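Quick notes on the structure that follows.
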Amino acid sequence: MRTKFNKTKTRVNRAFFLAATSAVMISSGILAPLTAAHAADKTTIKVGIISGEDEDVWREVVKQAAAKGLTVKPVVFNDYNQPNEALQNGEVDANAFQHQPFLDNQIKVNHYDIVRVGYTAVWPIGLYSKKVKKADELKDGAVIGVPNDPANEARGLILLEQSGVIKLKPGAGIFATTADITENPRHVVIKELDSGIIGRSVPDLDAAIVNTDWALKSGLTPADRIAQEPVKGNPYNNFIAVKTENANAPWVKTLVSSYQNDDVKKVFDKVYKGTGVTAW
């Protein structure tokens, strides 16, 4: 006996089959590239920055990005350890506060999947003091503060070597630690302090290595700076960073170009008063 053909039932079954097949494809990752591409094409992003003068610079970046159709919402942090964690966790889409040696160490310790996408500026680190005017005036047993994160501590130790205060083991370079000090003729005491408080501690120390942004926040001036690392060939250029999966997203190119332009440079130079130099 021949079964009667039911067109309505067939259409329903076909629709159910297609829906089920699509669900399987999505769960198996077959459609993932389309989904990822859609997610990467953002028009609103959050960018982690450090509080202070950089907020003024990013107000101009926000204007530049808006003219290109990208809404940028700065998220302000108060220390160096938070922005990368926030980026890795998806709380922000990008950040702009660090140099490569710092990021390399953070990746080594925390296994972050973060990459550099565009340079911003460099702030030459300085040796500051309220007690002496030159590095060679530091007395025997002087207490010198250095940042306690590995990248900036190494940076500070290199500057102390360049200033004739200590000598480091050959090849220590940007990975130098206090264990690499081979000569300490003045018997200086190296005191490791958090980058966020070291600037305010200068009056209580004989001298201290202070990042320029924190020096400004702490009320230190160029008159308090007794030594400074060179700008030319500096490996500590800061940059915008994103998660590796977003490195080639369209919004990343727009964000970088919104920072790297003459209008932002004018604001940057006004805000930092020559203590920082744009690096693109």
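Counting from 1, the numbers follow the sequence of the chain as shown. It should be emphasised that the depicted structure is a prediction, and the values quoted were computed from it without experimental measurement.
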**Message:** Closer than 3.5 angstrom, by distance alone: can the side chain of Asp149 be matched with the main-chain N or O of Asn152 as a donor-acceptor pair?
**Reply:** yes
**Prompt:** Taking the side chain from Gln260 and the backbone from Ser257, do they hold a donor-acceptor pair closer than 3.5 Å?
**Reply:** no
**Prompt:** CG/Leu160 to CG/Leu168 distance, rounded to the nearest 0.5 angstrom?
**Reply:** 8.5 Å
**Request:** For the pair Glu53 and Lys217, evaluate side-chain contact (heavy atoms from CB on, under 4.5 Å) and give the outcome as yes or no after the intermediate values.
**Result:** CA-CA 8 Å; Glu53 291 76 14; Lys217 293 179 179 68; 3.9 Å; yes
**Prompt:** Rounded to the nearest 0.5 Å, how far apart are CG of Leu205 and NZ of Lys131?
**Reply:** 7.0 Å
**More than 12 heavy atoms from other groups under 6.0 Å of NZ on Lys266** = no
**Message:** Other residues, nucleotides and ligands only: do more than 12 of their heavy atoms fall within 6.0 Å of NZ on Lys243?
**Reply:** yes
**Message:** Could you check whether Asn238 and Thr120, counting side-chain N and O atoms only, form a donor-acceptor pair closer than 3.5 Å?
**Reply:** no
**Request:** Let me know which of Val109, Leu103, Asn105 forms a side-chain contact (heavy atoms from CB on, under 4.5 Å) with Ile107.
**Result:** Leu103
**Prompt:** Would a 4.5 Å heavy-atom cut-off, applied to side chains only, mark Val264 and Lys63 as touching?
**Reply:** no
**side-chain contact (heavy atoms from CB on, under 4.5 Å) evaluation trace for Asp206 with Val132** = CA-CA 8 Å; Asp206 292 293; Val132 299; over 6 Å; no
**Prompt:** For Asp262, does the CG atom have more than 12 heavy-atom neighbours from other residues, nucleotides or ligands under 6.0 Å away?
**Reply:** no
**Donor-acceptor side-chain pairing of Asn211 and Tyr236 below 3.5 angstrom** = no
**Asked** Which value, rounded to the nearest 0.5 Å, describes the distance between Ile209 atom CD1 and Leu193 atom CG?
**Response** 12.0 Å
**Message:** Go through it in stages, so that I can follow the logic: the residues are Val76 and Ile49, the test is side-chain contact (heavy atoms from CB on, under 4.5 Å), and I'd like the CA-CA distance, side-chain angles, deciding distance and then a yes or no.
**Reply:** CA-CA 5 Å; Val76 180; Ile49 64 173; 4.3 Å; yes
**Message:** Given 3.5 Å as the limit, does a donor-acceptor pair link the side chain of Ser163 with the main chain of Val165, or not?
**Reply:** no
**Message:** If you define the side chain from C-beta out and look only at heavy atoms, does anything of Gln162 sit under 4.5 Å from Leu159?
**Reply:** yes
**Asked** Side chains of Gln64 and Asp263: do they bring a donor and an acceptor to under 3.5 Å?
**Response** yes
**Centroid separation Trp58 to Tyr259 less than 6.0 Å** = yes
**Prompt:** Which heavy atom in Ile198 sits nearest to a heavy atom in Ala208, and how many Å separate them?
**Reply:** CG1-CB, 4.0 Å
**Prompt:** Roughly how far, to the nearest 0.5 Å, is the CD1 atom of Ile226 from the CD atom of Gln228?
**Reply:** 12.0 Å
**Item:** Lys191 atom NZ, neighbour heavy-atom count above 12 within 6.0 Å
**Value:** no
**Fill in**
Value for CD1 (Ile114) from CD (Gln98), rounded to nearest 0.5 Å, stands at 6.5 Å
**Request:** Output yes when Lys265 and Asp269 qualify as a salt bridge under the 4.0 Å nitrogen-oxygen rule, no when they do not.
**Result:** yes
**Item:** Sub-4.5 Å side-chain heavy-atom contact between Asn246 and Asp93
**Value:** no
**Complete:** Rounding to 0.5 Å, atoms OG1 (Thr178) and CG (Leu157) come to a distance of 7.0 Å
**Item:** Arg186 versus Glu137, closest heavy-atom pair with distance
**Value:** NH1-N, 4.2 Å
**Request:** Specify the closest pair of heavy atoms between Ala215 and Val210, including all atoms of both residues, with the distance to one decimal.
**Result:** N-CG1, 3.6 Å
**Message:** If you count every heavy atom of other residues, nucleotides or ligands that lies below 6.0 Å from Lys68 atom NZ, does the total exceed 12?
**Reply:** yes
**Message:** If you compare all heavy atoms of Thr275 against all heavy atoms of Pro124, which two are closest, and at what distance to 0.1 Å?
**Reply:** O-CD, 3.5 Å
**Asked** Ignoring hydrogens and geometry, is there a side-chain-to-backbone donor-acceptor pair from Gln88 to Asp113 under 3.5 Å?
**Response** yes
**Request:** For residues Ile181 and Glu161, determine if any side-chain heavy atom of one lies less than 4.5 Å from a side-chain heavy atom of the other.
**Result:** no
**Ring geometry between Phe268 and Tyr272 (parallel below 30°, tilted from 30 to 60°, perpendicular above 60°)** = tilted
**Request:** Look only at the side chain of Ser195 and the backbone of Pro147, and say whether a donor-acceptor pair between them is shorter than 3.5 Å.
**Result:** no
**Prompt:** Is the shortest heavy-atom distance from the side chain of Pro83 to the side chain of Leu87 under 4.5 Å?
**Reply:** no
**Asked** Is any side-chain heavy atom of Trp251 less than 4.5 Å from a side-chain heavy atom of Val242?
**Response** yes
**Item:** Least distance between heavy atoms, His99 atom then Phe239 atom
**Value:** C-CE2, 3.4 Å
**Message:** Would you say that more than 12 heavy atoms from the other residues, nucleotides or ligands in this model lie under 6.0 Å from the CG of Asn110, or not?
**Reply:** yes
